[in-house]
Asker: 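Please find one structure pasted underneath; my questions will follow.
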Amino acid sequence: MSEKPAPFKPAPWPRKLRSTHWYTGTSRDTIYHRGWMKNQGHPHDLFDGRPVIGIMNTWSELTPCNGHLRELAEKVKAGVWEAGGFPVEVPVFSASENTFRPTAMMYRNIAAMAVEEQMRGQPIDGAVLLVGCDKTTPSLMMGAASTDIPSIVVTGGPMLNGWFRGERVGSGTALWKFSEAVKAGEMSQEDFLEAEASMSRSSGTCNTMGTASTMASMAEALGMALSGNAAIPAVDSRRRMMAQLSGRRIVQMVKDDLKPSDIMTKQAFENAIRTNGAIGGSTNAVIHLLAIAGRVGVDLTLDDWDRCGRDVATIVNLMPSGKYLMEEFFYAGGLPVVLKRLGEAGKLHKDALTVSGETIWDEVKDVRNWNEDVIRPADKPLTEQGGMAILKGNLAPKGAVLKPSAASPHLLTHRGRAVVFEDIDDYKAKINDEDLDIDETCIMVLKYCGPKGYPGMAEVGNMGLPPKILRKGITDMVRISDARMSGTAYGTVILHTSPEAAAGGPLAVVRNGDMISVDVPKRSLVLEISDEELAARLAEWHPPQEQPGSGYAWLHHNHVGGADTGADLDFLKGCRGRDVGKDSH
Ligand code: FES
């Protein structure tokens with residue numbers, strides 16, 4: 001366990017807030033700023049130095065998971081008014097996981113940059129980060145961390161359970177299963193279409209423990225959301241209450257100057273990593289937490305993920321690792337129950353501070369578990385190995401990620417012949433070919449799908465198996481790539497291989513027929529060729545792709561970091577603070 005932070009001391013109140021530089025006084029500038037705001041009907045006494053709260057809203061009709069956030073924003077506003085603040089709703093860049101091409105991940109960093117500048121460049125004393133879909137949560141947390149303006153996360157909440165012919169339908173997880181069943185000839189296209197409607201039966205984010213639910217849980221475990229926020233379904237009235245309570249709370253956080261850097265300490269990140277193991281969370285959390293830590297100045301590495309997660313069992317029985325969905329997690333007591341279990345097991349920094357001003361342990365110590373099949377007791381975990389396994393070796397000198405709870409135990413130690421797909425198009429062209437030279441003992445290798453390669457690091461690492469193998473009833477094989485995988489997906493899938501192929505990593509020079517050995521207990525990933533042969537192949541390598549010449553694609557390609565450090569843009573790392581430097585006029 002790392003060193004204890006100094007206790008938080010609230011700032012004196014009353015004092016002048018940053019918004020007073022825009023709104024207080026009789027100078028030409030303040031009249032200019034204030035006067036224009038008055039065209040919305042705001043009376044003069046609202047500009048009396050009270051906290052101005054920006055409700056940073058990722059609502060968009062093209063981010064359907066966040067489609068209900070304007071309604072929630074009204075509840076946040078009510079809370080801010082009640083506590084004596086001045087709420088202003090601010091639309092921010094929204095990247096939907098299910099719509100944005102080539103992948104929403106390519107835009108996480110531009111969204112983070114945009115919200116950072118919106119927070120700093122405008123008269124905002126505190127922020128409510130209104131988020132939901134996968135990338136919206138980390139991008140706003142990254143932006144807030146870089147300004148260090150007091151901020152609180154409110155997520156939109158998951159959709160209600162999906163049901164199809166008596167079975168639970170989990171977002172994403174069911175899609176992967178049904179599409180493989182169609183390929184194997186076990187499900188008709190008509191039934192597949194009928195199942196589609198049952199997958200998304202209410203507003204909200206994916207109802208599995210996918211990336212959205214994982215990141216909502218990470219925000220809560222980091223202390224950046226009020227206790228209990230993560231699991232409340234989007235359409236439950238308690239979601240709206242949570243929004244209103246968060247609106248009230250941010251006003252006091254501004255008065256106390258309770259900042260992201262006071263909350264997101266190394267201890268808080270260690271709590272989040274252990275929580276991820278206990279909930280069977282998404283591999284995407286690895287990248288996002290590394291990036292958030294980089295913004296707030298916490299030294300977090302892939303080794304921390306392995307060290308902290310190694311002895312954490314998964315106790316939350318949710319898809320894709322288990323059986324239930326977020327609605328049932330909420331009824332069982334949600335994340336506070338999991339945090340209490342971690343605390344009882346000595347795996348929680350109990351004195352980590354949260355947005356409530358209380359410690360995380362104070363928030364959870366008295367909660368109860370209402371369903372021990374959904375949140376399992378310590379002696380009946382879903383799987384003993386919950387944390388992420390970080391594999392290293394000559395194929396991944398900077399590391400690769402595997403989620404043991406989503407993998408097949410018999411494949412965790414495996415040696416196989418590489419079947420190489422040079423890029424995603426090559427994979428698509430060959431995978432359904434009945435003549436493809438592959439059997440279930442082979443290892444599928446996919447290149448050029450990392451942060452620079454795809455570009456943006458798409459969720460294609462859980463490549464579907466060849467139909468001829470699926471028809472044998474085989475549902476898992478070892479797969480290796482520099483891609484990500486949806487948090488709703490599963491399988492023995494080695495992801496985020498670093499350095500990526502497009503950056504000249506060893507993955508780029510794997511050839512068909514090479515032997516690869518994977519040993520998860522020993523954390524190793526080895527391409528069985530000599531050092532000399534590997535060096536010779538790397539010396540011959542050159543980037544096969546045309547590089548983008550302009551626009552955001554150029555910026556991304558030239559400045560994005562490796563997955564092993566969070567895939568942030570190099571010039572965005574770190575906290576740049578809240579000072580603008582100059583007045584506008
Ligand atoms: Fe938006 Fe899953 S695709 S939450």
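A quick note: this is a predicted structure, and the numbers were derived from the prediction, not measured.
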Asker: Between atom CE of Met106 and atom CE of Met457, what is the distance when rounded to the nearest 0.5 Å?
Answerer: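 The CE atom of Met106 sits 14.0 Å away from the CE atom of Met457.
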
Asker: First locate atom NZ of Lys398, then atom CG of Asp564, and finally report the distance between them rounded to the nearest 0.5 Å.
Answerer: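 Separation between the atoms: 5.5 Å.
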
Asker: Between Asp437 and Arg417, does any side-chain N to carboxylate O distance fall below 4.0 Å?
Answerer: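 So Asp437 pairs with Arg417 through a salt bridge.
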
Asker: Drop me the distance from Leu395's CG to Ile494's CD1, to the nearest 0.5 angstrom.
Answerer: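 The CD1 atom of Ile494 is 8.0 Å from CG of Leu395, to the nearest 0.5 Å.
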
Asker: Taking the basic N atoms (NZ, or NE/NH1/NH2) and the acidic carboxylate oxygens, is any pair closer than 4.0 Å for Glu434 and Arg471?
Answerer: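 Yes, Glu434 and Arg471 are salt-bridged.
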
Asker: Salt bridge check, Lys472 against Asp439: does any charged N sit closer than 4.0 Å to a carboxylate O?
Answerer: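 Looking at Asp439 and Lys472, the cut-off is not met.
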
Asker: Under 3.5 Å, is there a donor-acceptor pair linking the side chains of Asn317 and Glu328?
Answerer: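 Not at all, the side chains of Asn317 and Glu328 share no donor-acceptor pair under 3.5 Å.
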
Asker: For Ser60 and Ser94, which I'm curious about, is there any donor-acceptor pair between the side chains at under 3.5 Å?
Answerer: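 No.
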
Asker: Does the plane of the ring in Phe192 sit parallel, tilted or perpendicular to the ring in Phe178? Use 30° and 60° as the thresholds.
Answerer: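 Correct class here is perpendicular.
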
Asker: Pairing donors with acceptors under 3.5 angstrom, does anything connect the side chains of Thr214 and Ser282?
Answerer: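 Absent: no donor and acceptor within the cut-off.
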
Asker: Look at the rings of Tyr107 and Phe93 and say which category their plane angle falls in: under 30° parallel, 30 to 60° tilted, over 60° perpendicular.
Answerer: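 Judged by the thresholds at 30° and 60°, the geometry between Tyr107 and Phe93 is parallel.
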
Asker: Does a side chain donor of either Thr211 or Arg484 reach within less than 3.5 Å of an acceptor in the other side chain?
Answerer: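 No, no side-chain donor-acceptor pair sits under 3.5 Å.
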
Asker: Side chains of Asp304 and Lys266: does their closest heavy-atom pair fall under 4.5 Å?
Answerer: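 Yes. Closest side-chain heavy atoms under 4.5 Å.
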
Asker: Is it true that Arg165 and Glu194 have a side-chain N and a carboxylate O under 4.0 angstrom from each other?
Answerer: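 A salt bridge is present here (some side-chain N lies under 4.0 Å from a carboxylate O).
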
Asker: Extract all donor-acceptor atom pairs below 3.5 Å that involve side chains of residues 515-523 and protein atoms in other chains or at least two apart in sequence.
Answerer:
from: Ser517; atom 1: OG; to: Glu528; atom 2: OE2; distance (Å): 3.4
from: Asp519; atom 1: OD1; to: Lys522; atom 2: N; distance (Å): 3.1
from: Arg523; atom 1: NE; to: Asp306; atom 2: OD1; distance (Å): 3.3
from: Arg523; atom 1: NE; to: Asp306; atom 2: OD2; distance (Å): 2.8
from: Arg523; atom 1: NH1; to: Val520; atom 2: O; distance (Å): 2.9

Asker: Heavy atoms only: give me the nearest Trp554-Pro548 pair and the separation to one decimal.
Answerer: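 What the structure gives for the nearest pair is CD1-O, 3.3 Å.
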
